[in-house]
Number of protein chains: 2
Amino acid sequence: MEVYESLRLSNQLCFPLYLCSKEIIGRYTPFLKPLDLTYTQYIVMMYLWEQQHSNISDMGKALLLDTNTLTPLLQKLEAKGYIERQKSPNDGREMIIALTERGYALRTEATKIPELMRTCINLTPEEAEILYKLLYKVLLNLEGGKHDNH
Amino acid sequence: MEVYESLRLSNQLCFPLYLCSKEIIGRYTPFLKPLDLTYTQYIVMMYLWEQQHSNISDMGKALLLDTNTLTPLLQKLEAKGYIERQKSPNDGREMIIALTERGYALRTEATKIPELMRTCINLTPEEAEILYKLLYKVLLNLEGGKHDNH
DNA sequence: TAAATATATATCGCATGCGATACATTTTTA
DNA sequence: TAAAAATGTATCGCATGCGATATATATTTA
């Protein structure tokens with residue numbers, strides 16, 4: 001039975017990571033409902049609030065999402081009136097994503113959300129800092145070793 | 001602009017958590033393909049390798065998944081011949097999930113996966129320990145405060 | 001410059017993940 | 001014990017997330 005010790009759920013790092021991500025996203029749902037946003041849509045809006053505008057591939061690089069996720073999601077945000085999508089005049093392949101007035105205004109309604117989430121997560125600033133750094137370290141390691149099998 | 005500082009992606013803890021979970025699951029895909037398992041199916045199999053058998057609600061409590069996810073997933077695992085599903089003789093509502101020979105045997109093929117993933121994640125044992133504990137702390141905090149708005 | 005490549009986005013199919021609802025069976029209550 | 005409530009599972013609809021492929025446009029190459 002010792003042989004299988006490494007396969008115990010309680011010995012996996014991926015499992016609490018998977019649960020944490022899932023549960024935290026779940027805790028956002030009630031906060032985001034008044035803004036008519038899902039969690040992924042919220043991430044996209046945060047990106048746009050910082051960048052003002054972007055094409056899909058730059059957005060995808062920043063959020064680690066591909067067009068097969070972003071294109072339909074952006075079409076939904078356009079339908080809600082939060083963003084505009086138009087072909088770039090410089091490059092007919094590019095799609096320029098820009099905030100509308102309404103999408104920009106949403107930012108004000110969103111300002112309370114980060115503090116609400118900090119209360120849910122309930123770590124000390126020091127703990128949060130350590131967790132943050134370890135997560136980015138893992139991300140870096142994962143990206144670094146991504147193409148080992150080539 | 002200071003007002004919106006808290007809304008920057010680089011100031012969110014949820015974002016690297018979300019990315020880490022997503023990217024790590026992505027890294028499992030090639031390891032799990034030979035076993036014909038997705039990540040969530042792998043989690044379910046790990047649970048069953050430990051428990052031998054279970055009903056759906058106990059499994060759901062352990063994995064934080066509801067029947068709307070588990071029922072179709074378990075039907076797929078049954079179709080692959082890894083598990084059996086049958087009504088409990090004691091309680092006609094309960095569905096007993098048990099490993100088949102083939103499902104149990106899969107455990108041997110899976111033993112190398114945890115070490116492969118540790119290599120991808122590439123943290124020191126100390127870092128992994130800290131990350132593990134912080135994640136479970138967050139999970140506890142999230143579950144604890146779950147019913148605040150009642 | 002015509003053909004081959006590369007780039008940017010879109011679409012398709014499948015597997016979650018979850019809110020909401022429906023159904024069957026058991027347990028509790030009046 | 002008949003009705004009500006609780007429990008366990010299943011189904012539906014929608015939003016990701018991603019592998020694979022298709023399409024349109026730009027760039028490079030022969």
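All values below come from the heavy atoms of this structure, side chains included, with hydrogens, waters and symmetry mates left out. The sequence lines fix the lettering, A, B, ..., with proteins before strands; numbering per chain opens at 1.
For Arg93(A), the side chain to side chain contact (heavy atoms under 4.5 Å, CB included) test picks out Asp91(A), with sequence neighbours left out. Judged as a side-chain hydrogen bond (donor to acceptor under 3.5 Å, both in side chains), and not counting sequence neighbours, Asp58(B) has no contacts. Contacts of Arg102(A) classified as salt bridge (charged side-chain N to carboxylate O under 4.0 Å, His left out), with partners at least two apart in sequence or in another chain: none. Listed by chain and residue number, nothing satisfies the side-chain hydrogen bond (donor to acceptor under 3.5 Å, both in side chains) test with Asn122(A) (two or more places apart in sequence, or in another chain). Arg8(A) meets the side-chain hydrogen bond (donor to acceptor under 3.5 Å, both in side chains) test with no other residue; sequence neighbours excluded. For Ser21(A), there are no side-chain hydrogen bond (donor to acceptor under 3.5 Å, both in side chains) partners, not counting sequence neighbours.
At the heavy-atom level, Leu73(A) lies under 4.0 Å from the strands shown only through sugar-phosphate atoms.
The CG-P distance, from Leu65(A) to dT9(C), rounds to 14 Å in whole Å. At whole-Å resolution of the value, CG in Asn68(A) and P in dC14(C) are 15 Å apart.
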N/O contacts under 3.5 Å, protein versus nucleotides 1-8 of chain D?
residue	atom	partner	partner atom	Å
dT7(D)	O2	Arg93(B)	NH1	2.9

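Residues from residues 31-46 of chain B placing a heavy atom under 4.0 Å of any atom in DNA chain D do not occur.
Checking the phosphate oxygens (OP1, OP2) of dT16(C), no side-chain nitrogen or oxygen of Tyr18(A) falls inside 4.0 Å.
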Under 3.5 Å, sequence neighbours excluded: what are the donor-acceptor pairs made by side chains of residues 61-71 of chain B?
residue	atom	partner	partner atom	Å
Thr71(B)	OG1	Thr67(B)	O	3.2

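Tyr104(A) and Tyr82(A) have their aromatic ring centers separated by at least 6.0 angstrom.
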